[in-house]
Amino acid sequence: EAGVVQSPRYKIIEKKQPVAFWCNPISGHNTLYWYLQNLGQGPELLIRYENEEAVDDSQLPKDRFSAERLKGVDSTLKIQPAELGDSAVYLCASSLDRGQNTGELFFGEGSRLTVL
Amino acid sequence: AQSVAQPEDQVNVAEGNPLTVKCTYSVSGNPYLFWYVQYPNRGLQFLLKYITGDNLVKGSYGFEAEFNKSQTSFHLKKPSALVSDSALYFCAVRDRYNFNKFYFGSGTKLNVKP
């Protein structure tokens, strides 16, 4: 079974440029998450989807960040314009949540963004 | 506020010796508890979880974790460390009563020396 797939793995851009990250979750997983991870730190939630609906986007900086999950499967995370402080790893995760919501998260390999 | 604490930034242990990576949490109710491992330039990999039942849970690669409700702790353990266990370890808690949010600790770097 394929895991969570993210692309690109690495992206280098200049500040003020736009950037987009793509995530394909594990087949059948209804919940999808985007996390931000700074070097040596734990993941911080940006947005969580249940199917097509963004159920928690309270930590998403909406002035420059946007996300969508079309048809409740793939998702894209966009930053426009990027700032120096956005340099980090962007992790996508998915889980199969039914009933008791005991499901663990399955993470992709991450997309490492460097803003120059 | 809900939080997860990993009090040690780094743990050093010799190969073959037992290891413990500590985690305590402050989340209301009876949360679900998880451990993840992260190797350099990789995503987080699930190791084990506690939902209910026996306080000692076993997971991947010979790891186990002990849940202690009175101390609100969920320490990760392994009887005999391997050099290949060297990685970054994250404790996570899922708050069942707050939109099932996951809270992650800041991570503990495990160094296993030959």
Side-chain angles (χ1 to χ4, degrees), chain A residues 2-10 21 23-26 29-50 53-59 88-114, chain B residues 1-10 21 23 25 27 29-53 57 59-60 63 65 74 87-111:
Chain A
V4 177
V5 179
Q6 290 187 247
S7 68
R9 286 293 316 278
Y10 304 93
F21 305 112
C23 173
N24 181 238
I26 292 174
H29 280 195
N30 56 322
T31 307
L32 184 146
Y33 307 74
W34 282 102
Y35 282 91
L36 178 152
Q37 186 180 27
N38 288 304
L39 188 64
Q41 298 184 24
E44 300 170 30
L45 181 69
L46 290 172
I47 189 168
R48 175 173 136 231
Y49 284 92
E50 288 185 7
E53 183 182 0
V55 296
D56 186 354
D57 63 356
S58 57
Q59 301 302 312
V89 176
Y90 292 84
L91 294 167
C92 180
S94 69
S95 64
L96 178 62
D97 290 324
R98 293 280 187 264
Q100 294 300 309
N101 289 305
T102 61
E104 61 270 24
L105 299 181
F106 293 84
F107 284 86
E109 299 283 59
S111 294
R112 181 178 297 276
L113 174 65
T114 301
Chain B
Q2 318 287 39
S3 65
V4 179
Q6 293 183 241
E8 302 152 319
D9 290 337
Q10 187 166 295
V21 182
C23 172
Y25 62 92
V27 178
N30 297 310
Y32 302 136
L33 305 165
F34 303 79
W35 275 102
Y36 287 84
V37 60
Q38 187 176 35
Y39 296 98
N41 298 315
R42 304 294 297 275
L44 279 70
Q45 296 178 35
F46 168 74
L47 278 179
L48 51 78
K49 67 181 177 183
Y50 173 82
I51 303 299
T52 187
V57 294
S60 306
F63 283 93
F74 189 55
L88 194 54
Y89 290 80
F90 292 97
C91 180
V93 174
R94 189 166 200 182
D95 186 351
R96 291 188 285 172
Y97 303 105
N98 185 16
F99 304 102
N100 293 294
K101 283 192 172 187
F102 273 90
Y103 297 93
F104 283 86
S106 55
T108 298
K109 188 171 189 297
L110 174 65
N111 296 312

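Chain identifiers are assigned alphabetically (A, B, ...) following the order of the sequence lines, protein sequences preceding nucleic acid strands; residue numbering begins at 1 within each chain. What you see is a predicted model; the values in this text were computed from it and never measured. Quick note: numbers below take in every heavy atom, side chains included, and nothing from hydrogens, waters or symmetry partners.
Residues forming a side chain to side chain donor-acceptor pair (under 3.5 Å) with B:Asn111 (at least two apart in sequence, or on another chain): B:Asn12, B:Lys109. Residues meeting the ring-ring contact (aromatic ring centres under 6.0 Å, His included) test with A:Tyr49, sequence neighbours left out: none.
Here the CZ atom belonging to B:Phe102 is positioned 5.0 Å from the OH atom belonging to A:Tyr33, to the nearest 0.5 angstrom. Here the NZ-OG distance, from B:Lys101 to A:Ser58, works out to 4.5 Å after rounding to the nearest 0.5 Å.
Side-chain contact annotation: B:Asn41 with A:Arg112, donor-acceptor N/O pair under 3.5 Å present.
Across every non-hydrogen atom of B:Phe90 and A:Gln37, the tightest pair is CZ-NE2, 3.4 Å.
Only the side chain of B:Gln38 has a heavy atom closer than 4.5 Å to any heavy atom of chain A. Interface remark: A:Leu91 contributes side-chain atoms only to the contact with chain B (heavy atom separation under 4.5 Å).
With chain B as partner, the option from A:Gly110, A:Gly108, A:Pro43 having the largest number of non-hydrogen pairs under 4.5 angstrom is A:Pro43. Chain A forms more heavy-atom pairs under 4.5 Å with one residue of B:Val4, B:Ile51, B:Asp9 than with any other, namely B:Ile51. Looking only at heavy-atom pairs under 4.5 Å with chain A, the residue among B:Arg42, B:Gln6, B:Gln45 that has the most is B:Arg42.
A donor-acceptor contact shorter than 3.5 Å links the side chain of A:Glu109 to the backbone of B:Gly43.
Between B:Phe46 and A:Phe106, the ring-plane angle classifies as tilted under the 30° and 60° cut-offs.
Looking at A:Leu105 and B:Tyr36, their side chains come closer than 4.5 Å, going by heavy atoms from C-beta outward.
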